[in-house]
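Structure first, then comments.
Just so you know, these numbers come straight off a predicted model, no measurement behind them. Starting from 1, each residue takes its place in the sequence as its number.
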Amino acid sequence: MHYIWKEWKENIRGKGLWLSLSIIVLISISILFRSSVLSFDKGFYVLLINLFDTIIYFIPILCLFIGAFSIFQEKEQKTLIMLLTKKDNYASFLVRKSAGLYIVVLVPLLIWFFLYLLLLKFNFGIDFKGYMIFVAAIVCLSMVFLQMGAAIGSFSRSRMQIIGYTIFVWFYFFFLHDFILLSFLPDVTHENVRLFSSAYFLNPLQAVRMFLETGMGVYSFGHMSRLLEKFMWTKPVFFLLGNLLIWLAVSFGTAIVFNRKEGYE
C-alpha cells in the first residue's frame, strides 16, 4: 500500500500521467464526434475498432515512458538505495513498484472508459460484452508496455538512454517485428506454420488486435483453409494470455538481471 500511495503522490505532482490521460480523452472524444453519423445499431462496433486503431499508437509509448521514468526517478532521487537498505531486495522492490504503477495508471484509465461508455449510450446501441473485451484489450496492452518500461528504467543510466530504448521498442513492435516475419512468409508450410504463428503473436499489438477483432465478430473462423486452421492453432484469448505472461516475465527478469546500480550506489 505504501508503494501505491507513493506512486500516486509522485504522479499527482508530475505531468506525465495527466498528459497521457488527456491525450487518450481527447482522442476518444474526437472519435466519438466523428462517429456520430454512424447508425445506432452498428456504429458502436465501428467506433470501438476505430478508437482502438488510433490509441494503439499512443498507449504503448506513453506506458513505456511512464514505467521507465517512474523507476529511474527512484535512482535520481536516491530513494531506491533507502528502500533497498531497509528491507527490500531489487525483485521485491520491482514487484511492489509494478503493482503501484498498474493501479495508478489503470484506475484513471478505467474510470475514463466507464464515463465514455455513458457518453456512447446516448448515441449507439451498447453491447456490454463487446465493450468489456475492448477494455480488457486496453488493460493488457497497458500492462505489457508498463512492465517493459519498468525494465528500461531499470537498466538505463540516463534519461537520454530511456528515450532511445523506448523509441526502439515502440518502433520494433510497430514496424520491425512484422517486417522481419514478412521475409520468412514465402517459406511458411503446413509443417512450420505453428512456429510462424507463435512468432507472429509474440507481438503484443497483434495478439491484442486479434483478441479484440474476433471478440467483436470482425473476423470469423468458421470456414478456414487448412493452413489458416493451423495458423490459428488456439483461441485468440490464449494467444493474448500467453503473450501477456511471456512479456511480463521477460521484462521482469530483464529488469532484475540487467538493473544498473548507478544513481543509488
Over 60° means perpendicular and under 30° means parallel, so tell me whether Phe175 and Trp170 are parallel, tilted or perpendicular. perpendicular
Arg209 vs Phe52 side-chain heavy atoms within contact, under 4.5 Å: yes
Please tell me whether Ser142 and Tyr102 have a donor and an acceptor in their side chains that are separated by less than 3.5 angstrom. no
Between OG on residue Ser154 and NZ on residue Lys97, distance to nearest 0.5 Å: 10.5 Å
Determine the sole option in Phe231, Trp247, Phe196 for which the ring pair (Phe, Tyr, Trp, His ring centres under 6.0 Å) test with Phe201 is passed. Phe231
Consider only side-chain heavy atoms of I, L, V, M, F, W and Y, link residues closer than 4.5 Å, and tell whether Ile56 and Phe179 are in one cluster. no
Atom pair CD1/CD1 of Ile59 and Ile66 - distance to nearest 0.5 Å: 10.0 Å
If you define the side chain from C-beta out and look only at heavy atoms, does anything of Gln147 sit under 4.5 Å from Ser98? yes
Side chains of Leu51 and Phe113: does their closest heavy-atom pair fall under 4.5 Å? yes
Where does the angle between the aromatic ring planes of His177 and Tyr172 fall among parallel (under 30°), tilted (30 to 60°) and perpendicular (over 60°)? perpendicular
Backbone N/O of Arg34 and side chain of Asn50: donor-acceptor pair under 3.5 Å: no
Any donor-acceptor N/O pair, Tyr200 side chain to Ala207 backbone, under 3.5 Å: no
Atom of Ala151, atom of Ala255 and distance for their closest heavy-atom approach: CA-CB, 3.7 Å
Validation row: Leu64, Leu146 side chains within 4.5 angstrom (heavy atoms): no
Can you tell me how the ring of Phe93 sits relative to the ring of Tyr90, calling it parallel under 30°, perpendicular over 60° and tilted otherwise? tilted
Hey, could you give me the NZ/CD distance between Lys230 and Glu191, rounded to the nearest 0.5 Å? 6.0 Å
Hey, could you give me the OG/CG distance between Ser197 and Leu227, rounded to the nearest 0.5 Å? 10.5 Å
Ile163 backbone acceptor or donor facing Thr166 side chain under 3.5 Å: no
Min side-chain heavy-atom separation Trp233-Val193 under 4.5 Å: no
Does any part of the side chain of Tyr45, heavy atoms only, come nearer than 4.5 Å to the side chain of Phe124, both counted from C-beta? no
Describe, in one word, how the ring planes of Phe145 and Phe173 are oriented to each other, choosing from parallel (under 30°), tilted (30 to 60°) and perpendicular (over 60°). perpendicular
Of the non-hydrogen atoms in Cys140 and Leu244, which two are nearest, and what is the gap between them? O-CD1, 3.8 Å
Short side-chain donor-acceptor distance under 3.5 Å, Asp178 and Gln206: yes
Rounded to the nearest 0.5 Å, what separates atom CZ in Arg226 from atom CD in Glu229? 8.5 Å
Is the backbone of Arg157 close enough, under 3.5 Å, to the side chain of Gln161 for a donor and an acceptor to pair up by distance? yes
Atom of Leu32, atom of Tyr116 and distance for their closest heavy-atom approach: CB-OH, 3.6 Å
Where Met148 and Val169 come nearest, the two heavy atoms and their spacing: SD-CG1, 4.0 Å
Can you name the nearest heavy-atom pair linking Tyr165 to Ser156, along with the distance? CD1-OG, 3.4 Å
Between the CG atom in Asn192 and the CZ atom in Phe184, the distance rounded to the nearest 0.5 Å is 10.5 Å
Tell me, do Phe69 and Arg159 make a side-chain contact under 4.5 Å, heavy atoms counted? yes
Is the shortest heavy-atom distance from the side chain of Ile180 to the side chain of Leu176 under 4.5 Å? yes
Okay, side chain of Thr214, backbone of Met210: is any donor-acceptor separation there less than 3.5 Å? yes
Between the main-chain N or O of Ser92 and the side-chain N or O of Asn89, is there a donor-acceptor pair closer than 3.5 Å? yes
